[in-house]
Each structure stands twice: as structure tokens, then as C-alpha cells.
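Report on the following structure.
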Amino acid sequence: MSTLSDLDDLEFFATLARSPNMTAAARTWSVSLSAVSKRLTRLESRLGTQLIQRSTRRLTLTESGALYASGARDLVQNRADLEERVSRASGELRGRLSVHSTLGLGRRHIAPLLEEFTTAHPAVEMDLTLSEHAFSIAGSGYDLAIRVGSPPDARLRIRRLHANRRILCAAPSYLAEHGAPRSLSELADHDCLVIKENDADFGVWRFGTGPDDESAIRVSGDMACNDGEVILDWCLAGRGLMFRSAWQARPLVEKGLLVCLLPEVPTPPADIFGITDATAHLPGRTTALLDHLASGLERRLADPAIG
């Protein structure tokens with residue numbers, strides 16, 4: 001990973017502009033906030049214009065800053081692509097990859113797979129951001145976004161990395177006390193652990209094979225959270241029913257720590273996708289990473305011991 005002193009102004013500002021605030025940017029380079037502020041001040045002085053509205057809580061680009069950030073991202077990407085093409089004759093992948101992933105999947109599986117990839121390709125630099133906040137990858141500066149759910153916008157370049165569905169489950173301790181639902185209508189009689197994701201209607205669980213065959217069931221319970229790992233911990237503690245991705249729940253079902261409920265009721269796909277900007281050139285290192293993620297997820301998710 002490049003340090004702050006290694007970067008030219010274009011690389012510095014391209015990275016800074018996609019950070020939520022200057023503190024987060026300082027953390028990226030493992031430097032102090034004042035070091036980032038001084039570097040930004042020198043750049044603004046050289047250009048003769050303000051690029052960022054100063055705030056410790058949120059990074060807001062000025063009109064000039066947005067223009068410079070857009071151009072910087074393009075130039076940095078073009079330079080990286082050129083260097084990769086020049087070095088491709090040696091068979092070595094090189095350059096920087098910026099990846100955005102959801103929290104739970106990112107921590108559990110994507111991060112280890114990225115570590116494997118950089119070990120196999122030491123000339124590749126990796127920058128991983130974990131967040132549940134939805135964003136548009138076009139113009140974001142990220143090379144790849146990992147998402148779980150329904151297929152993203154068809155105007156994006158997408159690749160399905162692994163098939164996945166959501167499953168309904170509970171801990172044996174919960175079922176011993178409350179019994180198991182025998183139909184979807186009985187979900188109203190149970191404590192349901194609800195995850196609050198983005199702007200979705202988080203009190204609704206959807207069953208069926210897809211949009212043309214769907215039952216939307218409104219559920220409720222005493223506990224809700226925006227972190228799937230917390231929901232999982234509560235479920236294992238016997239606090240309620242959970243409706244989560246099979247990649248997360250299936251290994252625990254196979255170990256007997258959770259019980260799959262209403263397995264005869266179909267659930268819509270919640271596949272794992274890799275998303276790239278359809279308007280941008282797709283470098284060889286990104287294609288190679290997509291291949292690695294697809295094969296790696298197949299291997300890891302087939303092994304309950306890794307879950």
C-alpha cells in the first residue's frame with residue numbers, strides 16, 4: 001500500500017475525495033489528520049483554489065474539487081492501465097485495486113480472498129472498504145463493488161460470483177421455548193430479529209421465487225440492528241427468528257447451532273455479485289480478481305468449517 005509521501009497530487013486527491021472525511025483518509029495512510037490537512041493545503045495553494053470544505057465529520061468537495069477529483073481518478077486509472085499493459089508481457093499483474101464490500105461478507109470471506117490474491121500477485125496493491133451504505137460505482141473511484149441481493153441495475157457491468165438465497169432459522173433454545181412457525185402467517189406470533197439495511201422496508205420479509213411469485217410478510221420483534229453479525233449473535237442466543245443469507249446461516253445449521261424453518265417455502269435469490277463501472281475500461285487485474293473471488297467463494301462456502 002502506498003504511503004502518503006509516495007503519492008503524487010493526483011493519487012492523493014483521488015483517494016482523499018472518495019473518503020467519507022479527512023480523518024478516515026488519514027487512517028488509510030496511517031498518518032495524522034494534520035499531515036493530510038497540510039498536504040491538502042499545499043495542493044490548494046499550488047492550484048490557487050479551494051478543493052474541499054473543511055469539516056471533521058464530512059468531506060464535501062467544492063465545485064473545483066469535484067472537477068479535480070473526476071479528472072484525477074481518470075488520469076490515475078489511465079496511468080495504472082498503461083503500466084499494466086506495458087508489464088503484461090512479463091505475465092505479472094500490477095497496479096492498485098479499490099474494492100467496496102458489504103460488512104459481514106466482506107469481513108468473513110472477501111477480505112481473506114483479497115489477501116490470497118495479493119499474496120499470489122505481490123505487485124498488486126489492495127484497498128478494501130467495508131460498508132452497508134449503497135452507492136453508485138460509476139465515477140466513485142472504486143474498481144469493484146461486492147453486493148448481495150437481487151441483480152443490480154442492468155446498465156452496470158455485473159458478474160454473479162456465487163448463487164445464494166436467504167433462509168429462515170432459529171436457535172434450538174428459542175424453539176424449545178416458543179415452538180416453530182408452521183406457516184408464514186404464524187411469523188406474526190414470533191419475535192423476529194430485523195436487520196435495518198440501507199433504505200429498504202426492513203420490517204418486511206419476502207418469500208417466493210422472485211418478483212412474479214412473492215409473498216411480503218411484515219414481521220416485528222423486540223430487537224433490531226443494522227449489523228448482520230449482531231443479528232446472528234442474537235439469534236444464536238435464542239432471542240428470535242432470523243432471515244439471513246445462506247452463506248452466513250447454512251454452516252451453523254449444518255453444525256446444529258441453528259435450525260432451518262419452513263424449508264418447503266421458497267425464498268427469492270440473494271446472489272453475490274461483483275459490479276464494475278460499465279463505462280470504464282476493465283483492466284486485467286480486475287478480471288483476474290473476479291475470477292479469484294468466484295472460485296474462492298465456491299471453495300469457502302462449500303466448506304462449513306470456514307463459515
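Only heavy atoms go into these numbers, but all of them, side chains included; no hydrogens, no water, no symmetry mates.
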Checklist entry - Which of these, T276, V99, D291, L93, sits in a side chain to side chain contact (heavy atoms under 4.5 Å, CB included) with T286? => result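 The passing option is T276.
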Just checking, is any N or O donor in the side chain of [X] or [Y] under 3.5 Å from an acceptor N or O on the other one?
{"X": "R147", "Y": "H100", "value": "yes"}
{"X": "E115", "Y": "T119", "value": "yes"}
{"X": "R18", "Y": "T129", "value": "no"}

Taking only residues two or more places apart in sequence or in another chain, which ones pass side chain to side chain contact (heavy atoms under 4.5 Å, CB included) with [X]?
{"X": "A25", "answer": "L16, S19, W29"}
{"X": "D233", "answer": "none"}
{"X": "T49", "answer": "L47, L51, S64"}
{"X": "R46", "answer": "D9, L43, Y68"}

Next on the checklist: Holding to side-chain hydrogen bond (donor to acceptor under 3.5 Å, both in side chains), I want the full list of residues that pass it with E229, two or more places apart in sequence or in another chain.
Outcome noted: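 For E229 the side-chain hydrogen bond (donor to acceptor under 3.5 Å, both in side chains) partners, ignoring immediate neighbours, are R108, Q248.
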Checklist entry - Sub-3.5 Å donor-acceptor pair from the side chain of N21 to the main-chain atoms of L59, do we have one? => result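 No.
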Item to check | R166 backbone acceptor or donor facing T267 side chain under 3.5 Å | outcome: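 Present.
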Next on the checklist: Using every non-hydrogen atom in the two residues, find where T62 and I52 come nearest and quote the distance to one decimal.
Outcome noted: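 Nearest pair, atom of T62 first, then I52: CG2-N, 4.0 Å.
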Item to check | Co-membership, hydrophobic cluster, residues L257 and I231, 4.5 Å side-chain | outcome: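 As far as the 4.5 Å side-chain criterion goes, I231 and L257 are connected within one cluster.
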Checklist entry - Do the two ring centres, one from H162 and one from W247, sit under 6.0 Å apart? => result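 No; W247 has its ring centre 6.0 Å or more from that of H162.
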Checklist entry - How would you list, by chain and number, every residue that makes a ring-ring contact (aromatic ring centres under 6.0 Å, His included) with H292, sequence neighbours excluded? => result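 Here the qualifying residues are F117.
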